[in-house]
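The structure appears right after this line, and notes come after that.
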Amino acid sequence: MIDLKGKSAIVTGGARGIGKATLMKLGSLGAKLVVADMNPEATNACAEELKKLGYPALAYVGDISKDEQALGLIEACNKEYGSVDILVNNAGITRDTLLMRMKKEQWDSVIAVNLTGTYLCTQAAIKYMMKQRSGSVINLSSIAGENGNIGQTNYSASKAGVIGFTKACALELASRNIRVNAIAPGFIATEMTDAIPEKIKKSISNSIPLKRPGQPEDIANAVAFLASDASSFITGHILSVNGGGFLPGGGE
Ligand code: NAD
């Protein structure tokens, strides 16, 4: 049984989609939550919803790609709950276009949020985790970081970077009993993928062996496992949650 009673859990990009589903799941397992997102209304609304369910929840509005705001997030968690036990680096953005048309701003912004934001939050969190001699960091990568994807050179590079970062962190922090893992989702039905035309969404779903898009809860369940002691001998692992997308003949 997965039990997160007494553990504090920060989820960046937590106000909607995969992040919100993750907070719901971790809350249901007993964790004390921090909703971190740059959208003030959605962040506060999410924290209120969690509190109504009886889960302790702190709202933190900030941009995790900015040094002081990432640092402020981790400090706020420690101040509120007295520890930093679980960090889910989930905040992410896309700025899709073919490489030949990509503006430097589109490249920079995606790297800043998806990769630099993950670095900033992790670096701030391990300061506490090292003292505690325990902690679990879960980074959101993507099937695009594993395989590459047309129109997503910036996003694929950021998510491949997250994989390398995860493995190097796992090696550096294992002796302090801090585990660092990543999840690489395939196609998941959220607002991020909403903008994809219906016809293309259907053809992506058809190419997945399980013949459906993933749901945010599919990722939340994997996060809960990696956050908990049920995975205490797993670190530096990249867990692909993609409906069988890597099987021969599968994939997007
Ligand atoms: P989403 O767009 O629905 O939600 C992302 C949330 O992150 C939003 O609430 C947004 O306000 C927040 N955010 C963005 N930039 C931020 C910043 N700088 N600081 C703080 N918050 C910020 O996305 P989602 O589909 O739920 O994806 C969550 C994660 O999973 C992302 O890292 C994404 O790259 C990854 N992922 C998603 C899919 C998919 O198919 N949806 C597939 C693979 C990986």
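Atoms within each ligand, like the ligands themselves, are counted from 1 in listed order. Count residues from 1 along the sequence. Keep in mind that the numbers below use all heavy atoms, side chains included, and drop hydrogens, waters and symmetry copies.
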Output a table of donor-acceptor pairs, distance under 3.5 Å, between side-chain atoms of residues 8-35 and any protein atom two or more places apart or on a different chain; print 'none' if there are none.
unit_1: S8; atom_1: OG; unit_2: S83; atom_2: O; d: 2.8
unit_1: S8; atom_1: OG; unit_2: S83; atom_2: OG; d: 3.4
unit_1: S8; atom_1: OG; unit_2: D85; atom_2: N; d: 3.1
unit_1: S8; atom_1: OG; unit_2: D85; atom_2: OD2; d: 3.4
unit_1: T12; atom_1: OG1; unit_2: V88; atom_2: O; d: 3.4
unit_1: T12; atom_1: OG1; unit_2: N90; atom_2: N; d: 2.9
unit_1: T12; atom_1: OG1; unit_2: A91; atom_2: N; d: 2.9
unit_1: R16; atom_1: NH1; unit_2: E191; atom_2: OE1; d: 3.0
unit_1: K20; atom_1: NZ; unit_2: E49; atom_2: OE1; d: 2.9
unit_1: T22; atom_1: OG1; unit_2: I18; atom_2: O; d: 2.7
unit_1: K25; atom_1: NZ; unit_2: N221; atom_2: OD1; d: 3.4
unit_1: S28; atom_1: OG; unit_2: K25; atom_2: O; d: 2.6
unit_1: K32; atom_1: NZ; unit_2: G6; atom_2: O; d: 3.4

With a 4.0 Å cut-off on N to O distance, would you call R101 and D96 a salt bridge? no
Spatial distance of atom CD (E41) from atom SG (C46) [nearest 0.5 Å]: 13.5 Å
Sorted by chain and residue number, the residues with a non-hydrogen atom under 4.0 Å of ligand 1 are G13, R16, G17, I18, D37, M38, G62, D63, I64, N90, A91, G92, I93, V113, L140, S141, S142, Y155, K159, P185, G186, F187, I188, T190, E191, M192, T193
Does any N or O in the side chain of N154 come within less than 3.5 Å of the main-chain N or O of R95, such that one atom is a donor and the other an acceptor? yes
Applying side-chain hydrogen bond (donor to acceptor under 3.5 Å, both in side chains) to N139 and T166, what does each step give before you reach the verdict? CA-CA 7 Å; N139 300 323; T166 299; 3.0 Å; yes
Has T235 got a side-chain atom pairing as donor or acceptor with R179's backbone, closer than 3.5 angstrom? no
